[in-house]
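Comments concern the structure below.
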Amino acid sequence: MASAVSEPIHELGERSLLPPGTTFNDITEAVCRVTEEKAPRGWWMLFLPSVALLGLMVSCIVYLLAQGIGVWGNNTPAYWAWDITNFVWWIGIGHAGTLISAILFLFRQNWRTSINRFAEAMTVFAVLCAAIFPALHTGRPWFDYYLAPLPNQMAIWPNFKSPLMWDVFAVNTYLTISVIFWYVGLIPDLATLRDRSKSLRRKRIYGALALGWRGSHRHWQHYERAYLIFAAISTPLVLSVHSIVSFDFATSVIPGWHTTIFPPYFVAGAVFSGFALVLTLMLIVRSVFKMHSLVTLKHLDLMNKFMLGTGIMVGYAYAMEFFVAWYSGNPYESWVFFHNRLGFGYLDQEGNWGPLWWSYYAMVGCNVIAPQLFWFKKVRTSIPAMFIITIFINIGMWFERFVIIVTSLYRDFLPGSWGGFEATWVDIALYAGTFGLFFTLFLLFIRWVPMIAIAEVKMTLPHAHPHPTHDDHADEPAAGLEPAPAE
Amino acid sequence: MANDDEDTKTGKRPSSRPPEGDSEDKSPSEKLVEAATEGAEAKTQLAEAKAEADPDERKAEAEAAAEEAERTKEDALEAEEAAEEAGDENTAAAAEMTAAEAEKTRAEALEAAAEAEAEIKEAEAEAAGAGTEEDSDEAADTNVLGEGVPETRPALFLAEYESPDDLVRAAETVRDAGYEKWDCHTPYAIHGMDDAMGLPPTKIGFISFICGMVGLASAVLMIQYMNNWDYPLIIGGKPPGAFPSMVPIMFELTVLLTGFGTLFGLFHLCRLPRHHHPIFESDRFEASTDDRFFISIEVEDPKFDLGKTRALLENTHPSHLELVEEEIA
């Protein structure tokens, strides 16, 4: 809800985001009907497997609680493995949501209005999925309340110098603020659903959630400023969250972790992976619910450009890490990069490559090379091509976290303490299960909540705001200009 | 349950159903006596209800009597069951009769309630017949003059516009006429409305800022108290109250409390949630969240005058104009 939505600059060839002649009612209809009609078959085809995967997640957690976290593959020296990889990956996925809703808002990127609700929901659900892993990784999750600032039985308070403690605050703040931001954005749209409700039950539920919103401009005035404040605090928040996640690594002394480039590198990677997942989901939802008029190729094209940009930043970070490993002359640092990751720079006593070298190549291939195809407009506007590339990026970003965590740990200072890592079926099933949680929540969301910000999209229409002087907009529909008939 | 207990003890509501736990200890005949007392109460209530003149109240009372009879029946059945278990045939038979009687009372009470409702509906239809639906505002005028039954009173004028341009022009007119308790209702935030309505700048930023500062201060105090004053911790050779390691949590708590402050500040300034507002009485108002633009002027405004305000709004060429009424509480 920009307080100054900029109009398309016709001199630069900019055009309105939505097709000319789109009316306010068209937008209301297109978004609301999804929640009012029966679910299309495609929705059920996605929902049932999601619920099955959710069941898998629950069973894995029960099994893990019964057996202890020994059922995971983590063990000396790789104390952190899939669990923390998944945690960082899911948190990163969430970041695109906040970026789209907050940062693009501050930059007056109006095209975000078609995707921001969607991306914010993704943020909330992704952070929930992420939170599962550190909670279980404590080993005895029923004692997780010790993460809160409470004294233990020796009357000692938590150590606030620990980045893990910062992480607790950062992730919880992030989740809370994301939920609030999302809900505040939803209020006017829930009122729209309330006013369209035919059944009393719908009217009651949406009415209760809409808080009695009546579109009053006295309210809009506060609302818009509140929205701006949320955007203004979410922007540094999203940057801080992944920076603090990266401190979990960067403040340690493990070669491969102890680097100052981590905060910006993690943030860029988070945005990169988040955009990829937003786009993957958007493409599916767009075709299942026929949202082509609201999420146009132009939106998709812009998102692909974003991925190209952040992909290059991530690639730069990978290169810089290697440069520093070489330039610092630190043998342990070089060992991690050239043996554990690249494979062939240094060989071990038996003349072998680092055993997990392939994960590094998977990461570079998916994250650096695949998005380069987005330089071509043909690829940026081809739905199958971008769908495949976004899947690659999602995989690549998972590998990035795996590479950072496991390949730094499993062969470090002393050859005598080297070890390996192999994932167990519980690792794999639990990760797959969190997709069940994510997609179940997500599909319920698109079914029952307006998935596109109705009020915000209306604001981007050319006739949404009064033109007191003259009309110089070629694509302005005539309907908006007709003098209203007198009573 | 806790409430019921108290009431039974103090004897405030002798007719109320005794708590479940106690009933286990009572003998079947005691239970029967209780049920019979309730039955008598229900009958009295029904008689009282039938004597009531006002259909609204009669309906409510008859319904209450029906409920009481229902309870009697339940209790009597319970007593019957208990008596049968205890082998006391006489009590069981008596309880059965009490239950049957209670059922009869209940049917009668429900009938009385239905009758009362029919009367209410008839009266309503008569009132509505005074004017057609379109002219409901005129009907309201007559109400004000004291004719007819004053069940509702005018709450606000609601003018509808088709485009934001019309709305802004109309808002300027209303502002210049000096109204205070009026509002614009739009499906999205229209730019330039603040000026058109003559609104002062919002204060929400101030609330957010104060809350943010409280968050910042609480982070500093929390960390200093926990790691420096109450139980000093020296980690990594750093002094217990070292500043740099406090920064991340100072930032996070600032953001968290700013967020809460903004949310609740918004609710406070908008006086939300408010689920009941006379403006929702208008059927046309539902379009305000879709594609129509409205101006409302409330009766509470000191300048409000049925004739003058209507004339003012008619001059702004709304596509529809109505007087919304609210029910008198």
Side-chain angles (χ1 to χ4, degrees), chain A residues 1 3-5 23-25 28 149 151 155-161 165-166 169-170 173 176-177 180 184 188 191-192 195 207-208 211-226 229-230 233 236-237 240 244 455-456 458-459 463-467 480-481 484-487, chain B residues 161-166 168 183-194 197 199 202 204-205 208 222-223 226-227 230-231 233 235-236 238 242 245-246 248-249 251-253 255-256 258-259 262-263 265-266 269-270 272-275 277 279 286 288-291 314 317-321:
Chain A
M1 316 248 137
S3 46
V5 170
T23 64
F24 297 125
N25 183 254
T28 314
I156 305 176
W157 296 91
N159 168 23
F160 283 96
K161 291 193 186 76
M165 194 66 199
W166 306 344
F169 276 83
T173 302
T176 314
I177 296 294
I180 294 177
V184 168
T192 304
D195 289 345
L211 306 176
W213 180 261
R214 48 186 191 275
S216 152
H217 188 76
R218 289 174 196 272
H219 295 178
W220 277 121
Q221 190 203 17
H222 302 306
Y223 179 92
E224 289 229 290
R225 181 59 60 85
I229 293 170
F230 279 123
I233 60 172
L237 177 66
S240 83
I244 290 175
E456 292 189 46
K458 283 177 186 166
M459 293 176 78
H463 53 287
H465 300 285
H467 307 100
L481 288 173
E487 191 183 13
Chain B
Y161 303 87
E162 303 251 323
S163 79
D165 298 72
D166 296 335
V168 169
D183 213 335
C184 297
H185 304 268
T186 56
Y188 56 89
I190 295 177
H191 301 140
M193 277 309 293
D194 292 5
M197 286 180 72
L199 296 180
T202 168
I204 193 162
S208 306
M222 178 180 74
I223 298 172
M226 292 179 185
N227 277 184
D230 189 50
Y231 199 119
L233 282 181
I235 310 278
K238 316 277 193 307
S245 62
M246 299 198 318
I249 293 179
F251 173 77
E252 298 301 335
L253 281 191
V255 168
L256 186 66
T258 308
T262 312
L263 178 71
L266 177 68
L269 291 172
C270 298
L272 291 175
R274 175 176 180 182
H275 287 98
H277 191 280
I279 204 163
E286 286 181 357
S288 73
T289 53
D290 180 13
D291 60 351
E314 268 170 2
H317 308 297
S319 59
H320 185 86
L321 179 63

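Letters go in sequence order (proteins before strands), and every chain restarts at 1.
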| Region of B/M193 that comes under 4.5 Å of a non-hydrogen atom in chain A | both
| Side chain, backbone, both or neither: which part of B/L266 has an atom under 4.5 Å from a heavy atom of chain A? | side chain
| Does any N or O in the side chain of A/T192 come within less than 3.5 Å of the main-chain N or O of B/D290, such that one atom is a donor and the other an acceptor? | no
| query | Once you round to the nearest 0.5 Å, how far does CG of A/N159 lie from CD1 of B/I235? | reply | 4.0 Å
| request: Using distance alone, with no hydrogens and no angle criterion, decide if A/H463 and B/D165 have a side-chain donor and acceptor under 3.5 Å apart. | output: no
| Any donor-acceptor pair under 3.5 Å from A/H217 side chain to B/C184 backbone | no
| remark: So, the part of B/H277 with a heavy atom under 4.5 Å from chain A: the answer is side chain
| Minimum side-chain heavy-atom gap A/M459-B/H191 below 4.5 Å | yes
| query | Side chains of A/H222 and B/T202: is there a donor and an acceptor less than 3.5 Å apart? | reply | yes
| query | Which region of A/S216, side chain (C-beta onward) or backbone (N, CA, C, O), has a non-hydrogen atom less than 4.5 Å from a non-hydrogen atom of chain B, or is it both or neither? | reply | both
| task | Could you tell me which portion of A/P236 (side chain, backbone, both or neither) has an atom closer than 4.5 angstrom to a non-hydrogen atom of chain B? | result | both
| Is there a side-chain contact between A/Q221 and B/M197 (heavy atoms, below 4.5 Å)? | no
| request: Please say whether more than 12 non-hydrogen atoms of neighbouring residues, nucleotides or ligands are located less than 6.0 Å from CZ in A/R225. | output: no
| said: Students often mix this up, so state it plainly: with edges at 30° and 60°, are the rings of A/F24 and B/Y188 parallel, tilted or perpendicular? | reply: tilted
| said: Can you tell me which portion of B/V255 sits under 4.5 Å from chain A's heavy atoms? Options are side chain, backbone, both or neither. | reply: both
| request: Please check if the side chain of A/H465 supplies one atom and the backbone of B/I190 the other of a donor-acceptor pair under 3.5 Å. | output: no
| request: Tell me, for B/I279 versus chain A, whether the close heavy atoms (under 4.5 Å) come from the side chain, the backbone, both or neither. | output: side chain
| For B/T186, is it the side chain, the backbone, both or neither that has a heavy atom under 4.5 Å from a heavy atom of chain A? | both
| said: Which atoms of A/I244 are under 4.5 Å from chain B, going by heavy atoms: the side chain, the backbone, both sets, or neither? | reply: side chain
| request: Report the distance from atom CD1 of A/I156 to atom CE of B/M226, rounding to the nearest 0.5 Å. | output: 14.0 Å
| task | Give a yes or no on whether the backbone of A/G207 and the side-chain of B/H275 come within a donor-acceptor separation of less than 3.5 Å. | result | yes
| request: Find the one option among A/G215, A/A226, A/P151, A/A208 whose heavy-atom pairs under 4.5 Å with chain B are most numerous. | output: A/G215
| query | Is it true that the side chains of B/N227 and A/W157 contain a donor and an acceptor less than 3.5 Å apart? | reply | no
